[in-house]
Every structure is written in structure tokens, then in C-alpha cells.
Amino acid sequence: MKELTYADIRKIALEHGIKDTRLHIGLWASDRYVKKRKMIQGKTYTIYLPYHKPEQKQFKS
């Protein structure tokens with residue numbers, strides 16, 4: 001699973017035609033990514049992880 005930063009998310013959002021504001025980019029990203037906080041050497045960073053929807057299992061009758 002690849003960790004993305006806000007700069008990465010911003011770049012992707014702008015390619016999709018999203019307005020360049022933190023609000024619009026955040027709302028766009030909330031449907032597609034999971035926002036997590038990660039502490040590295042005492043500093044807290046916000047990372048985004050791709051959201052994977054669980055696959056539907058097909059049952060045999």
C-alpha cells in the first residue's frame with residue numbers, strides 16, 4: 001500500500017479538474033483515500049492511503 005502526502009493528493013486532484021483549495025481537495029480525497037496520522041521522530045505527518053473496497057464474494061448455489 002503506497003502512502004501519499006497532501007502534495008501528491010493535490011497533484012492528482014488538479015489533474016482531475018478539482019479547484020485548488022484545501023476544502024475542495026480534502027472533500028475529493030475523502031471519497032478515494034483514508035486519511036491517517038503518522039508520527040516519525042516526534043513529528044506528526046498526515047498521510048493518505050488508497051481506499052480498497054472489499055470484493056464481493058460470489059456464492060455457488
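Computed from a predicted structure; not experimentally measured.
- Inter-residue side-chain proximity for Tyr33 and Leu4 is flagged as met; some heavy-atom pair is nearer than 4.5 Å.
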Under 3.5 Å, side-chain donor or acceptor atoms of residues 9-22 against the rest of the protein: list the pairs with distances, not counting sequence neighbours.
residue: Arg10; atom: NE; partner: Asp20; partner atom: OD1; Å: 3.0
residue: Arg10; atom: NH2; partner: Asp20; partner atom: OD1; Å: 3.4
residue: Arg10; atom: NH2; partner: Asp20; partner atom: OD2; Å: 2.7
residue: His16; atom: ND1; partner: Ile12; partner atom: O; Å: 2.9
residue: Thr21; atom: OG1; partner: His24; partner atom: N; Å: 3.2
residue: Thr21; atom: OG1; partner: His24; partner atom: ND1; Å: 2.6

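- Among residue pairs with one or both ends in residues 36-46, those qualifying as side chain to side chain donor-acceptor pair (under 3.5 Å) are Glu3-Lys38; sequence neighbours excluded.
- Distance alone, capped at 3.5 Å, places no donor-acceptor pair between the Asp31 side chain and the Trp28 backbone.
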